[in-house]
Peer 1: 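Structure provided below as structure tokens; questions to follow.
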Amino acid sequence: MGSGPVTQMRWNLFGVEANTDTPSADGCVWTVASSAGWDAPDQRTLFTSPTGRDGQRVSNMYAEGRAVTIEGLIFAPDDASAWAAYDRVTSSMPGLRGYDYITAYEPVPKSLKAIQAGPPRVTKPAGRQLRYQLSLLAEYPWKRAVTASTVTVGAGATVAHDAAGTFPAEVEVTLTSAGTVDLTIGGQRLRTTSLPNGAVLTSGFGFIRPARTIRSALPANENLFGAIVQPMQWPAISPGANTIRQAGSAALSIRYFPTYA
């Protein structure tokens, strides 16, 4: 039984297109031959041994940061381009203390924000062909869609929203009018006292403010975290059907990236 041709998946590695005939900025053609770790992050699982019976019990299970090793070849048109590619691998993909995105163009393109987890390896140009290896770590282990989705909800309104993805997505909530926030998504409730128009509530990774914060609009960027009303939780958008309820007096714009395991 025969099979059809195998098409290599296109990648973008910190701004460099790979597995495409389009040369990079230095004139080279890059390939990705393997991407170990892209499929799933390592996990941290702790077990306890219960007294008086067989077996074990899971007491703690979380994903670790996702380690990804990208390997491939670089084909250069001339010696100068080969050395330019060599310098790019060693200094800016993403470079020591740098971070940037790698993207795999699956049927739904997905990206990871990665840092350098180990020294990059690349062969000296020989016959204008180089072999490279990037050791990367995504501190936030979940892949995210390249394009954000936005849901608007008015004061006192309830909105039904269907979300793509396979894992709950962090949200960024922006007030489009001044007032209070009393936002419930999937049983998680976030409440604040009155906030100004343009204030931003960020639940985590991947936004301008990549931590759990409440800030006034830029450029003032005033810390408004003290406006939280307890008890409260940071909501997330789950894959599939979501009921979004804003019982507060502000109108909200909720932005998120569909998230994948």
Side-chain angles (χ1 to χ4, degrees), residues 41 61-63 65-66 99 101 103 107-113 138-261:
M61 182 180 289
Y62 291 97
R66 187 187 299 248
Y99 60 88
Y101 289 90
T103 301
V108 176
K110 303 176 184 72
S111 68
L112 283 174
K113 187 177 183 180
E139 296 171 292
Y140 181 77
W142 309 117
K143 295 178 256 188
R144 305 199 316 165
V146 174
T147 303
S149 297
T150 301
V151 186
T152 58
V153 55
T158 299
V159 173
H161 176 71
D162 286 331
T166 61
F167 197 82
E170 306 277 6
V171 298
E172 183 180 70
V173 180
T174 301
L175 276 70
T176 55
S177 68
T180 60
V181 176
D182 190 349
L183 176 66
T184 303
I185 307 174
Q188 296 173 310
R189 187 181 183 190
L190 175 59
R191 297 190 296 163
T192 73
T193 58
S194 186
L195 296 173
N197 182 28
V200 179
L201 299 80
T202 305
S203 68
F205 169 85
F207 302 102
I208 293 175
R209 305 175 181 91
R212 290 185 168 176
T213 61
I214 302 178
R215 295 274 179 174
S216 65
L218 295 172
N221 200 31
E222 180 185 1
N223 186 350
L224 304 175
F225 206 81
I228 286 176
V229 174
Q230 298 292 353
M232 77 87 180
Q233 298 165 304
W234 290 97
I237 297 288
S238 296
N242 291 263
T243 299
I244 303 172
R245 168 67 174 164
Q246 159 61 337
S249 61
L252 307 176
S253 175
I254 302 169
R255 182 171 176 262
Y256 71 96
F257 290 86
T259 301
Y260 298 82

Peer 1: Could you tell me the separation between the CD atom of Q246 and the CD1 atom of I185, rounded to the nearest 0.5 Å?
Peer 2: 10.0 Å
Peer 1: What donor-acceptor contacts under 3.5 angstrom involve side-chain atoms of residues 254-261, with partners at least two apart or in another chain?
Peer 2:
{"residue": "Y256", "atom": "OH", "partner": "H161", "partner atom": "NE2", "Å": "2.6"}
{"residue": "T259", "atom": "OG1", "partner": "F257", "partner atom": "O", "Å": "2.8"}

Peer 1: For T243, what residues pass the side-chain contact (heavy atoms from CB on, under 4.5 Å) criterion, not counting sequence neighbours?
Peer 2: T158
Peer 1: Looking at residues at least two apart in the chain, or sitting in another chain, which of them share a side chain to side chain donor-acceptor pair (under 3.5 Å) with N242?
Peer 2: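 N242 satisfies side chain to side chain donor-acceptor pair (under 3.5 Å) with no other residue.
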Peer 1: Mind checking what makes salt bridge (charged side-chain N to carboxylate O under 4.0 Å, His left out) contact with K110, not counting sequence neighbours?
Peer 2: E106
Peer 1: Measuring only between side-chain heavy atoms, which start at C-beta, is R191 closer than 4.5 Å to P231?
Peer 2: yes
Peer 1: If a pair satisfies side chain to side chain donor-acceptor pair (under 3.5 Å) and one of its residues is in residues 216-239, list it, with sequence neighbours excluded.
Peer 2: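 Residue pairs with at least one partner in residues 216-239: R209-N221.
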Peer 1: Under the ring pair (Phe, Tyr, Trp, His ring centres under 6.0 Å) test, which residues partner Y101, sequence neighbours left out?
Peer 2: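 In terms of ring pair (Phe, Tyr, Trp, His ring centres under 6.0 Å), with neighbours along the sequence ignored, Y101 is linked to no residue.
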Peer 1: Using the side-chain contact (heavy atoms from CB on, under 4.5 Å) criterion, which residues pair with T193? Sequence neighbours excluded.
Peer 2: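 T193: side-chain contact (heavy atoms from CB on, under 4.5 Å) contacts with A227, V229.
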Peer 1: Step by step, work out the side-chain contact (heavy atoms from CB on, under 4.5 Å) result for I244 and I237.
Peer 2: CA-CA 9 Å; I244 303 172; I237 297 288; 4.0 Å; yes
Peer 1: Is the number of heavy atoms from other residues, nucleotides or ligands under 6.0 Å of Q188 CD greater than 12?
Peer 2: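 Yes, because the 6.0 Å sphere around CD of Q188 holds more than 12 heavy atoms from other groups.
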Peer 1: May I have all residue pairs that pass ring-ring contact (aromatic ring centres under 6.0 Å, His included) and include part of residues 162-194, sequence neighbours excluded?
Peer 2: W142-F167
Peer 1: Looking only at heavy atoms, which two atoms of L190 and P235 are closest? And how far apart?
Peer 2: CB-CD, 3.7 Å
Peer 1: Would you give the length of the straight line joining atom CZ of R215 to atom CG of L201, rounded to the nearest 0.5 angstrom?
Peer 2: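 Going from CZ on R215 over to CG on L201, the span is 12.0 Å.
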Peer 1: Please identify each residue that fulfils side chain to side chain donor-acceptor pair (under 3.5 Å) with S249, with sequence neighbours left out.
Peer 2: T180
Peer 1: In the structure I gave you, are the side-chain heavy atoms of R144 and K113 within less than 4.5 Å of one another anywhere?
Peer 2: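 Not touching, per the 4.5 Å side-chain cut-off.
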Peer 1: Report the residues that fulfil side-chain contact (heavy atoms from CB on, under 4.5 Å) with A199, sequence neighbours left out, ordered by chain and then residue number.
Peer 2: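 Testing A199 for side-chain contact (heavy atoms from CB on, under 4.5 Å), a comparison that skips the adjacent residues, returns L175, L195, P196, L224.
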Peer 1: Can you sort out the partners of E170 under side chain to side chain donor-acceptor pair (under 3.5 Å), two or more places apart, ordered by chain and number?
Peer 2: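 In terms of side chain to side chain donor-acceptor pair (under 3.5 Å), with neighbours along the sequence ignored, E170 is linked to S203.
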Peer 1: Between the side chain of T176 and the main-chain N/O of A251, is any donor-acceptor distance below 3.5 Å?
Peer 2: yes
Peer 1: If the condition is side chain to side chain donor-acceptor pair (under 3.5 Å), which residues does T174 pass it with, not counting sequence neighbours?
Peer 2: none
Peer 1: Can you name the one residue among T152, V159, L183 that meets side-chain contact (heavy atoms from CB on, under 4.5 Å) with L252?
Peer 2: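 The side-chain contact (heavy atoms from CB on, under 4.5 Å) with L252 is passed solely by L183 among T152, V159, L183.
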Peer 1: Can you name the closest pair of heavy atoms from S177 and A250 and give their distance?
Peer 2: O-CB, 3.3 Å
Peer 1: Any idea which heavy atoms bring P41 and P141 closest together, and the distance?
Peer 2: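 Shortest heavy-atom contact: CB-CB, 3.9 Å.
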